[in-house]
Amino acid sequence: MGATASQLDKGMLSEYQELTFLTKQEILLAHKRFSELVPKEEIDRINCRIPMSLILTLPELKSNPFNERICKVFSTSDIKDGSLSFDDFLDLLSAFSDSATLEIKSHYAFRIFDFDDDGTLGRHDLEKLVNCLTGGTDDTNLTPDEMRQLIDNILEESDIDKDGTVNLSEFQHVISRSPDFVSSFKIVL
Amino acid sequence: MPPKRKNSSIIQVEDVGMDVDAEFDSGSEDEARRKRIQNRRAKSQRKAKLTIEEEEDEDEDEDKAPRGRGRRKRPKPIDSDQDEEDEDKGKRQTATRRGRTTSKKKSDKEDSNDESGKEKGSRRQTRGKAASKTQKEEQNKDKKENAKGKVEESKDKKNKKGNSSSDSHNSDSENEEDQLSEGEIEALKEQVEEKKKLIATLRNKPWRMKKRLIILKEAQEFVEKFEGALGKGKGRKLYAFKIMMAKKFIKFKRDFENFKTACIPWERKIKEVESHFGSSVASYFLFLRWMYGLNLILFGLMFGLVVLPEVMMGLPYGSIPRKTVPRAEQETAMDYSVLFDFGGYAKYSFMFYGYYNNERTVGVLKFRLPLSYLLTGVGIFGYSLMVVIRMMARNSNEGGDGGDEGQFTFSWKMFTSWDFLIGNPETADNKYASITTSFKESIVDEQENQKDENIHLRRFLRVLANFMILCCLGGSGYLIYFVVKRSQDFAKLDPRSLTWFQKNEVEFVMSLLGLVCPPLFETIAELEDYHPRIALKWQLGRIFALFLGNLYTFLFALFDEVNAKMLDEKAVKNATEWAYQEYYANYSSFHNTTDVPPLNIPPADVVRGPCWETAVGIEFVKLTVSDVQVTFLTILVGDFARAVIVRFLNYCWCWDLEAGFPSYAEFDISGNVLGLVFNQGMIWMGVFYAPGLMGVNVLRLLTSMYFQCWAVMSSNVPHERVFKASRSNNFYMALLLLVLFLSLLPVIYSIMTLPPSFDCGPFSGQDRMYDVVLETISRDLPAFIGNILTYASNPGLIMPAILLMVLAIYYLNTVSKGYQQANTDLKKKMQMARDEEKNRRNNKDSTNQMMKDLEDLLPDKSLFKPQVQEKPPTDAAPEKGSKPTKMKPGTAGVNLHKEVSLASPNPRGPVSRGPGPRGGPPGNAMGPQPGPGRGRGRGRGAPPPRR
């Protein structure tokens, strides 16, 4: 796939439009932003990947507490270093785009929140999630007691089969009721 | 597919079926299961190679995510197979399927014979056995085919390659496809449709881009290849043409879609704001943009249908009195101060009602301007109503049901509280803080349900606060009434002797009230000590009441003025008529002739009435303009100047200005939205009397978009409590709808009951404004339409119509109540199911004997269990639709599967690990081989699977 060649050819563009929720302009913009990040010496290489550290310099992702998770989830790299190819980058933008369906969004949200990649949200994942949401600094962190209480409450609400973890379908059940998940699970370039 | 193959395959299958039955008793279930699991992969892969149709299954196996997509297409073949057992189908795959179903049938029969005494628990084993048989049969076939089918396979592959590689397949495949029977074409068509659907929905799959690309290419190839083959003879060309057109259309649609998104203005600006301030502030700008779009359309209507025709085709300026500045005003008509108050030339321009002529038709096109004026004025309301309601409906559809708010408070806070749009560290920090607070708050709420230590004091304070706010509202209402009254007195005086303040008192006071009262309310609301969210709602409601009260007092005062003007007008009218009669009488008596030439007075000198419509229009335009001024000034002073002072004086000040008292301003979302909504209400009300108001408003919205965007980015800080937007979006819309309705009332009232001025405006000379419509009906439309309308407006018809509407409302209401009831019932059911599961889980040892047995007996088997259970749904799924009698085994399988998954949290893991060597000899199975008897025994005495 010559996706990262300096120019996107027409066929690729139309295929990308078919496969993502992005419009032509958005894909072109994404391509522009992506090529800006590509290191100079690799600019002509097909299939080059951008390391996570560079991706995280994007202002859209910089102050997101889940930025590393997002990179890891969308990366197809074999060594799991969170580097993104252009395809992955488009995948990311498509999932976070305005017109993506709730199903897609909740699927990826689950993957992002699943810090240890074991397919369920266990207590450990939830703890990490809370820490991410509260900024991870000492003055804003919850006390262990509060944390326990909070996670108990969450499990009580959403863990329908009572196995101590939240799995994908339970997660989607909860998310689908939420009025503002779709509007807030968005990233635009 | 070469047709000759089917015979051999059928024979094979028949053989296999026999084999299975013979082998079954000796073979063990478990072994079979294992083999099946292994084979499932091998089989599917093999099949995929054999038939293109099965490509999808392969995909499925690869990722396991979307089940049932590939299966959906199966029901039909299975049905037909079962019904017409001996009818041959061209595809080997259907043959294998038939093999499967046949064996299953046999096993069912066998079951009923052998274990007629056994209870429902053994259903599962039936499943298992069926599966095992299928399995074995498949394996046998595999073996045989290894020998037999290899040639065919390779041939097939070659075929496929040839097809997919290029167009070279044409002659080849066409020849083949000509031989296809009707049914096959149908099936092929179905597949093509399937593929098309797949292409359309591919983006909904959470797969990697690479994989989606591959699948897309395959699907497209498939469609390309077989689409052309579907038509026949003459039809084929047509079909190909149709396909081509469809493709072109899709491409066009996509391009159009791209074009449409490219046309949306301010996308980047709003996104910038969004990333800095979160979605709540952005929602205001989205709302503003939406309003701009709406106003643009209304502006187009007004200008296209009313203003332009009058300007282009009507009489020019200065030709008739209503289009001329009176002699007395002419000296000052061009003065800036006069124009700024919309007097002078502005007053006698197309901006206002009075300018329009009452000629029935204008220009060569015979455009009926008065009629168009009335219909446009009313149509603007109709269109706005429609758009607002449609928007509301769409919003409420998107917003989920939201009925069970209390159910998931914590989970929502956890999973949905982060706004991924935030791209600004400062906002992110605020967001962290607000999330933490909300966590802590909710924990505290959960721990102790708010003890009210002094409920009486609080009640007293709340009553007091409400009383004070009511006083404020009443006071502001009276103030406005007083001011409007006074301004009428001023208006009677000489305009030159008045000061600026006296002239603009009304607007000034109204803007001031709008500026002062909201903060005052906020201060008073401190007394009440509500939860901030509730407090915000109260605050919004109060500001709304204030604005509404002000607007309506203003209106009532205006109506007083209008009544006074109408009396005035009557006097002027009588006086002119008297003067005319005098003139005629004098002329005829003086010249002694009845042929009186018309009086020739220059239009500027004609005595004219006050034209109350124009006066009302001027009031509204002035109000709008002053509103704009006040808004912009507030932003400049309150936000920008404050930001500048805080920023630069901070270097030489005794305390930290940025963190301390003045700090930077926050963007006041609710206030801004309310302002926008009320402004729009004024536009709606005023546009009938001042068609130019629409243009003013469009300009206003345009400038405020840029101005506010700039102000927000330059001098505001993100909210400390960052709250989300989507919830309140419909709230704004509801406000807009209410305001629209309220602004509709006075306009309709004036159209229906007030007599229009006799010497200005499109309706002059008529008794009521709506008489234009009646006149058009009686004079321009054919008589029978007039008759129909007369009948339609008959009370005898209107009453039943109203009755019908009432009935319809009643009916819809009942239906919606029924749905609500069903909803709550379902919810209750879910709750019960959940409770039941909870119970079952808790007292697992005592109640759920079967689960316990299962776990005790099969420590390692539970790993394989789900895979076995996986099978029945695949077979049962089609049956559910087609044959209700067969549902039971299927459902039982599903339930069991669920229970098993409860027992072993991650059942799928181990299975996906080892598919095993493909096509291994069926005899030497690995692992334990519990006999069938034992397997059956397991189910004995266990309670039947519940639910």
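Order of the sequence lines fixes the chain letters, A, B, ..., with proteins taken first and strands second; residue numbering starts at 1 for each chain.
Only the backbone of A:S75 comes within contact range of chain B, judged by heavy atoms closer than 4.5 Å. A:K24 touches chain B through backbone and side chain together, each having a heavy atom under 4.5 Å away. For A:T120, no part lies under 4.5 angstrom from a heavy atom of chain B. Proximity to chain B is absent for every atom of A:F110, based on heavy atoms less than 4.5 angstrom apart. Proximity to chain B involves both the backbone and the side chain of A:Q17, based on heavy atoms less than 4.5 angstrom apart. Only the side chain of A:I104 comes within contact range of chain B, judged by heavy atoms closer than 4.5 Å. With a 4.5 angstrom heavy-atom cutoff, A:L168 does not touch chain B via any of its atoms.
Other residues, nucleotides and ligands place no more than 12 heavy atoms under 6.0 Å from the CD atom of A:E103. Atom CE of B:M832 sits in a sparse spot, with 12 or fewer heavy atoms from other residues, nucleotides or ligands closer than 6.0 Å.
Between the CH2 atom of B:W418 and the CZ atom of A:F66 there is a distance of 7.5 Å, given to the nearest 0.5 Å. Atom CD1 of B:I250 sits about 11.5 Å away from atom OG of A:S14, to the nearest 0.5 Å.
Chain B forms the most heavy-atom pairs under 4.5 Å with one residue out of A:N64, A:L121, A:L61, A:N167, and that residue is A:N64. Contact tally against chain B (heavy-atom pairs below 4.5 Å) for A:T101, A:V166, A:L129: the top residue is A:L129. The candidate with the highest count of non-hydrogen atom pairs below 4.5 Å against chain B, out of A:V174, A:L102, A:I187, is A:V174. Residue with the most contacts toward chain B among A:L90, A:L58, A:T23: A:T23 (heavy-atom pairs, distance under 4.5 Å).
By the 30° and 60° cut-offs, the orientation of the rings of A:F113 relative to B:F415 is parallel.
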